[in-house]
2 protein chains.
Amino acid sequence: MNEHKYHHGDLKNALIGAGVDILAEEGLGGLSLRKVAARAGVSHAAPYAHFADKQDLIAAISTEGYHRLYERIEALVQRYQGDPPRQLIEVACAYVEFARKDPAHFRITFSGVIETEKNYPTFVEISQKNLQLVTQVVEACQSAGILKPGPADATAVSIWSSVHGLASLLIEGQISHTLLDRMSRRELTVFLLNQVTLVELRPEMFPAKAI
Amino acid sequence: MNEHKYHHGDLKNALIGAGVDILAEEGLGGLSLRKVAARAGVSHAAPYAHFADKQDLIAAISTEGYHRLYERIEALVQRYQGDPPRQLIEVACAYVEFARKDPAHFRITFSGVIETEKNYPTFVEISQKNLQLVTQVVEACQSAGILKPGPADATAVSIWSSVHGLASLLIEGQISHTLLDRMSRRELTVFLLNQVTLVELRPEMFPAKAI
DNA sequence: GCCAAACCTTGACAGTGTCAAGATTCGGCT
DNA sequence: AGCCGAATCTTGACACTGTCAAGGTTTGGC
């Protein structure tokens with residue numbers, strides 16, 4: 001309805017959305033401010049009314065990625081309440097799946113496109129919320145005896161590192177095909193968790209629809 | 001001596017070296033073909049005699065990064081021959097340390113700046129050599145009983161993922177300061193390995209000069 | 001109904017990757 | 001020795017990029 005309005009109304013979010021789309025279609029290399037502006041239907045310098053520079057837009061897109069991830073993970077933690085090993089596995093698989101479905105968005109969220117100098121409070125906030133959630137699951141797993149006792153924050157970081165590393169190496173094509181032919185991504189993820197933890201494998205952890 | 005020669009002599013390697021330097025000084029954002037050319041003392045289009053495009057130069061720089069990593073890791077595997085858990089820990093720490101010392105080079109090596117379409121044989125080669133080395137260490141650890149038995153390739157990928165993830169999250173500043181104030185990077189790395197494996201901690205694994 | 005602020009456009013600039021055309025030098029052949 | 005093709009490098013140009021300044025348009029509050 002707002003086709004020919006001078007004022008867009010919600011340009012900021014439209015730009016973030018356009019950025020996410022371009023990222024999905026063309027990857028990081030295709031992401032330019034001018035293309036984002038064009039896709040949102042505004043002139044090439046319009047983004048500067050909402051973002052200080054490209055870095056700022058990228059930070060917003062990263063934050064959006066983190067939010068999407070958090071939503072999925074939070075839903076899974078809820079669904080498997082009371083079954084800590086299952087929570088751990090499903091959260092890990094969701095993480096890997098997020099990376100696979102939209103590698104560019106995953107990369108831009110985690111691959112330090114955000115320079116350390118500037119600090120983006122909303123990004124830090126959602127990042128901490130994510131880690132808190134993982135820490136919760138880790139604590140539940142420790143109570144359930146499937147994770148060695150120890151400081152929960154360091155353990156959470158260890159688990160997160162493992163899953164993050166697997167997701168990264170997978171989307172960078174660093175995992176050999178001979179291995180990938182033998183094991184699905186889900187099997188690999190569960191294998192890794194089984195290596196890291198003392199999870200006992202149960203059949204329902206391998207649904208027919210493997211990722 | 002070759003200051004004013006029209007033909008540089010070894011421009012290809014000079015360009016790679018210049019790229020590595022710029023990466024260390026200015027990070028990924030500062031890496032442009034023209035700056036690399038200028039630093040090597042040639043005109044802006046000279047790189048095109050040796051590289052098809054920017055992607056090609058980046059691939060060469062990535063390959064160089066992988067080579068440097070391999071050299072260090074190989075030396076450590078040699079030095080601690082016969083002590084598999086120590087091998088594992090030192091290799092992991094070297095990996096993390098490589099990322100810390102030159103984050104931009106680490107990122108460009110592993111963070112998918114190489115598009116999957118093109119394949120760079122030398123890059124794939126050194127990447128496989130690296131994994132083989134890790135697999136060796138993993139097999140030794142399995143024999144020593146500090147790693148669960150299982151397919152060595154999948155186990156190696158698990159270990160590699162864990163360490164790679166930790167290194168990535170560290171250089172992206174995703175590890176909270178409250179944790180980093182309590183544990184050094186080396187302690188974190190060993191903690192992670194201890195989580196992942198059944199390594200027994202020994203005092204010599206924590207030298208005074210922690211990373 | 002007016003005015004300041006928010007929002008957007010236009011135009012410009014330096015820097016970028018890339019290519020075409022040409023200059024320079026090297027290596028091998030006679 | 002001298003020539004010639006190939007390798008190497010330079011120059012010039014093009015489209016595209018991030019960014020800023022100046023100005024136009026709209027909105028919301030008084």
Side-chain angles (χ1 to χ4, degrees), chain A residues 1-23 25-62 104 108 112-115 117-118 120, chain B residues 1-23 25-62 104 108 112-115 117-118 120:
Chain A
M1 51 172 185
N2 300 336
E3 285 305 315
H4 305 103
K5 282 177 63 176
Y6 191 98
H7 280 36
H8 182 286
D10 192 20
L11 183 54
K12 183 162 186 174
N13 286 313
L15 290 169
I16 296 175
V20 171
D21 290 349
I22 292 178
L23 229 35
E25 291 166 19
E26 306 179 39
L28 229 175
L31 185 71
S32 78
L33 272 182
R34 295 172 104 104
K35 241 188 271 184
V36 167
R39 184 179 280 244
V42 293
S43 75
H44 65 260
Y48 283 84
H50 302 275
F51 301 99
D53 52 13
K54 191 183 183 184
Q55 200 60 224
D56 242 37
L57 208 212
I58 289 182
I61 295 175
S62 301
I108 220 175
V113 191
I114 294 187
E115 303 294 334
E117 14 181 301
K118 294 188 189 178
Y120 298 91
Chain B
M1 55 173 184
N2 299 335
E3 285 304 315
H4 305 103
K5 284 178 60 176
Y6 191 98
H7 279 39
H8 182 286
D10 191 20
L11 183 57
K12 183 162 185 173
N13 286 314
L15 290 170
I16 296 175
V20 171
D21 290 347
I22 292 178
L23 228 35
E25 292 167 17
E26 307 180 38
L28 230 174
L31 185 71
S32 77
L33 271 182
R34 295 173 105 105
K35 241 188 271 186
V36 167
R39 183 179 280 243
V42 293
S43 74
H44 67 261
Y48 283 85
H50 302 275
F51 301 99
D53 52 13
K54 191 183 183 185
Q55 199 59 224
D56 242 38
L57 207 214
I58 289 183
I61 295 175
S62 301
I108 219 174
V113 190
I114 294 187
E115 301 295 333
E117 15 182 298
K118 295 188 188 178
Y120 298 92

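Every value quoted in this text rests on a predicted model; they were computed, and no experiment measured them. Chain letters run A, B, ... following the sequence lines, proteins first and then strands; every chain starts at 1.
Atom CG of A/Leu11 sits about 10.0 Å away from atom CD1 of A/Ile16, to the nearest 0.5 Å. Here the CG atom belonging to A/Leu15 is positioned 6.5 Å from the NE2 atom belonging to A/His50, to the nearest 0.5 angstrom. The line from CG of B/Leu23 to CD1 of B/Ile61 is 6.0 Å long, rounded to the nearest 0.5 Å.
Listed by chain and residue number, B/Asp10 satisfy the side chain to side chain donor-acceptor pair (under 3.5 Å) test with B/Asn13 (two or more places apart in sequence, or in another chain).
Rounded to a whole Å, the CG atom of B/Asp10 is 11 Å from the P atom of D/dT8. One interatomic measurement links the two molecules: CG of B/Leu57 to C1' of C/dT16, which rounds to 14 Å at whole-angstrom precision. A/Leu11 has its CG atom 15 Å from the C1' atom of D/dT27, to the nearest Å. One atom, CD1 of A/Ile22, and another, C1' of D/dT17, lie 13 Å apart when rounded to the nearest Å. Going from atom CG of B/Leu28 over to atom P of C/dT16 covers 14 Å, rounded to whole Å. Between the CZ atom of A/Phe51 and the P atom of C/dC7 there is a distance of 12 Å, rounded to whole Å. Distance B/Asn13 CG to D/dT8 C1': 15 Å, rounded to the nearest Å.
For C/dC8, the OP1/OP2 oxygens have a side-chain nitrogen or oxygen of A/His50 closer than 4.0 Å.
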Subject >> Residues A/Tyr120, A/Asp56; criterion side-chain contact (heavy atoms from CB on, under 4.5 Å); working and verdict >> reply: CA-CA 9 Å; A/Tyr120 298 91; A/Asp56 242 37; 3.1 Å; yes
Would you list the protein and nucleotides 18-22 of chain D atom pairs, both N or O, that sit under 3.5 Å from each other?
unit_1: D/dG18; atom_1: OP1; unit_2: A/Leu33; atom_2: N; d: 2.9
unit_1: D/dG18; atom_1: OP1; unit_2: A/Lys54; atom_2: NZ; d: 3.2
unit_1: D/dG18; atom_1: OP2; unit_2: A/Leu33; atom_2: N; d: 2.9
unit_1: D/dG18; atom_1: OP2; unit_2: A/Arg34; atom_2: N; d: 3.3
unit_1: D/dG18; atom_1: N7; unit_2: A/Arg34; atom_2: NH1; d: 2.6
unit_1: D/dG18; atom_1: O6; unit_2: A/Arg34; atom_2: NH1; d: 2.8
unit_1: D/dT19; atom_1: OP2; unit_2: A/Tyr48; atom_2: OH; d: 2.9
unit_1: D/dT19; atom_1: OP2; unit_2: A/Lys54; atom_2: N; d: 2.8
unit_1: D/dT19; atom_1: O5'; unit_2: A/Tyr48; atom_2: OH; d: 3.0
unit_1: D/dT19; atom_1: O4; unit_2: A/Arg34; atom_2: NH1; d: 3.3

Show me the donor-acceptor pairs within less than 3.5 Å that the side chains of residues 28-36 of chain A make with the rest of the protein, sequence neighbours left out.
unit_1: A/Ser32; atom_1: OG; unit_2: A/Lys35; atom_2: N; d: 3.1
unit_1: A/Lys35; atom_1: NZ; unit_2: A/Glu26; atom_2: OE1; d: 2.8
unit_1: A/Lys35; atom_1: NZ; unit_2: A/Gly30; atom_2: O; d: 3.0

